[in-house]
Asker: 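Next up is a structure, given as structure tokens.
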Number of protein chains: 2
Amino acid sequence: MSKPATRAARRIAVIKALAHPSRLAIAEALQDGERCVCDLRDIVGADLSTVSKHLTLMRKAGLLDMEKRGLNVFYRLRCPCLMNFFECVDGLIPDKAPRKSGK
Amino acid sequence: MSKPATRAARRIAVIKALAHPSRLAIAEALQDGERCVCDLRDIVGADLSTVSKHLTLMRKAGLLDMEKRGLNVFYRLRCPCLMNFFECVDGLIPDKAPRKSGK
DNA sequence: GCTTTACTTGGCAGAATGGCCAAGTATTGA
DNA sequence: TCAATACTTGGCCATTCTGCCAAGTAAAGC
């Protein structure tokens, strides 16, 4: 088992790699299978260089595999449980109620 | 079902709320049950005001419940699947190999 | 009512992140 | 070999995030 400190650092890297609207959109788009960078650029709506950097960050965190075929680079998701986690997150309601006290 | 844009924003808020070493440590500490702020301050090792801000951010994202009893405020985790997700994340290996191409 | 304790919030400065533009690299077709 | 295409990387600037310090608030004990 890896060192707790290393494990925490890796967890942070993965979570940070998801903690941005464009990268979340990328992860969601890749649920249905691999896509190339220009596909993802169209989905995300940002500059190609920006998308490329997001993809690199996600890949270095271990979230994605990449495969170059001709001119295109294809990315696919490596994390099998993301959708479970996202659905679980969807069940959370942000805190809006006033703080309760006592019991 | 909520609007896709709102759902994505909520997902982002939750993931961002976890994307920091101190907040990850808080989430891990709360797996075993509720804790008060000064407990969590000892675990995280940051200033009390810093920990308090992290807790507020996590609560507003929907990750935590809070309960004031006397002088102490107790926090508990609301997200049941975090540990599953963390363990899944632990199974990912960050990308170190050179990029492969072709097939 | 005052003091102590636990916690929250405001202010500010520094660190980290993310955008675009431009340049660079690799691959492919002519 | 050259041009076109897909993609990556460097540079710079703006935005966001996070830390500490100090001040503020609420609850409890005396």
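Lettering follows sequence order; numbering is per chain, from 1. Hydrogens, waters and symmetry mates are skipped; everything else that's a heavy atom, side chains included, is used.
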Asker: Take atom CG of B:L48 and atom P of D:dA26, then tell me their distance rounded to the nearest Å.
Answerer: 17 Å
Asker: Could you give the CE-to-C1' distance, from B:M58 to C:dT8, as a whole number of Å?
Answerer: 17 Å
Asker: Is any side-chain N or O of A:N72 closer than 4.0 Å to OP1 or OP2 of D:dT5?
Answerer: no
Asker: Less than 4.0 Å between a side-chain N and a carboxylate O, is that true for A:E28 and B:R7?
Answerer: no
Asker: Counting any heavy atom closer than 4.0 Å, what does A:R41 reach on the DNA or RNA strands: base, sugar-phosphate only, or nothing?
Answerer: nothing
Asker: Quick one: which of C:dT8, D:dC7, D:dG11 gets closest to the side chain of A:C38?
Answerer: D:dC7
Asker: For the pair made of CG in B:L40 and C1' in C:dA6, what is the distance, rounded to whole Å?
Answerer: 13 Å
Asker: Is it the case that the base of D:dC7 and the side chain of A:S49 share a donor-acceptor contact (distance under 3.5 Å, atom types as modelled)?
Answerer: no
Asker: Could you check which of C:dG18, C:dG10, C:dA6 has an atom nearest any side-chain atom of B:K53?
Answerer: C:dG10
Asker: Would you kindly compare A:L57 and B:Y75 by the position of their nearest DNA chain C nucleotide and give the one closer to the 5′ end?
Answerer: B:Y75
Asker: For the residue pair A:R59 and A:Y75, would you count it as a cation-pi contact if the rule is NZ or CZ under 6.0 angstrom from the ring centre and within 45 degrees of the ring axis?
Answerer: no
Asker: Hey, does the side chain of A:T50 come within less than 4.0 Å of C:dC20's phosphate (OP1/OP2), counting only N and O?
Answerer: yes
Asker: I'd like to know if the two cysteines, B:C79 and A:C88, have SG atoms within less than 2.5 Å.
Answerer: no
Asker: Without decimals, in angstroms, what is the distance between A:K60 NZ and D:dT8 P?
Answerer: 11 Å
Asker: Which whole-number value in Å describes the distance from A:L71 CG to D:dA3 C1'?
Answerer: 12 Å
Asker: Nearest to the side chain of A:V73, which nucleotide is it out of D:dT18, C:dA6, D:dC7?
Answerer: D:dC7
Asker: If only side-chain N and O atoms of B:H54 are considered, is one of them under 4.0 Å from the OP1 or OP2 phosphate oxygen of D:dC17?
Answerer: no
Asker: What is the separation between atom CZ on A:R35 and atom C1' on D:dA6, rounded to the nearest whole Å?
Answerer: 17 Å
Asker: At under 4.0 Å between heavy atoms, what does A:K16 touch on the DNA or RNA strands: base, sugar-phosphate, or nothing?
Answerer: sugar-phosphate
Asker: Does one hydrophobic cluster hold both B:I15 and B:M83, with members joined at side-chain heavy-atom distances below 4.5 Å?
Answerer: yes
Asker: Relative to the 5' end of DNA chain D, which residue comes earlier, B:S22 or A:F74, by the nucleotide with the nearest heavy atom?
Answerer: A:F74
Asker: Going by side chain to side chain contact (heavy atoms under 4.5 Å, CB included), B:T56 matches just one of B:K53, B:K60, B:H54, B:M58. Which one?
Answerer: B:K60
Asker: Between atom CD in B:E67 and atom P in C:dA6, what is the gap in whole Å?
Answerer: 18 Å
Asker: Can you find a heavy atom in the side chain of B:L92 that is under 4.5 Å from one in the side chain of A:L63?
Answerer: yes
Asker: Please confirm whether the shortest side-chain N or O distance from B:H20 to OP1 or OP2 of C:dA16 is below 4.0 Å.
Answerer: no
Asker: Looking only at the side chain of A:A46 (C-beta and beyond, no hydrogens), which of the listed nucleotides D:dT8, C:dC20, C:dC7 gets closest?
Answerer: C:dC20
Asker: Give the rounded distance in Å between these two atoms: CG of B:D47 and C1' of C:dC12.
Answerer: 15 Å
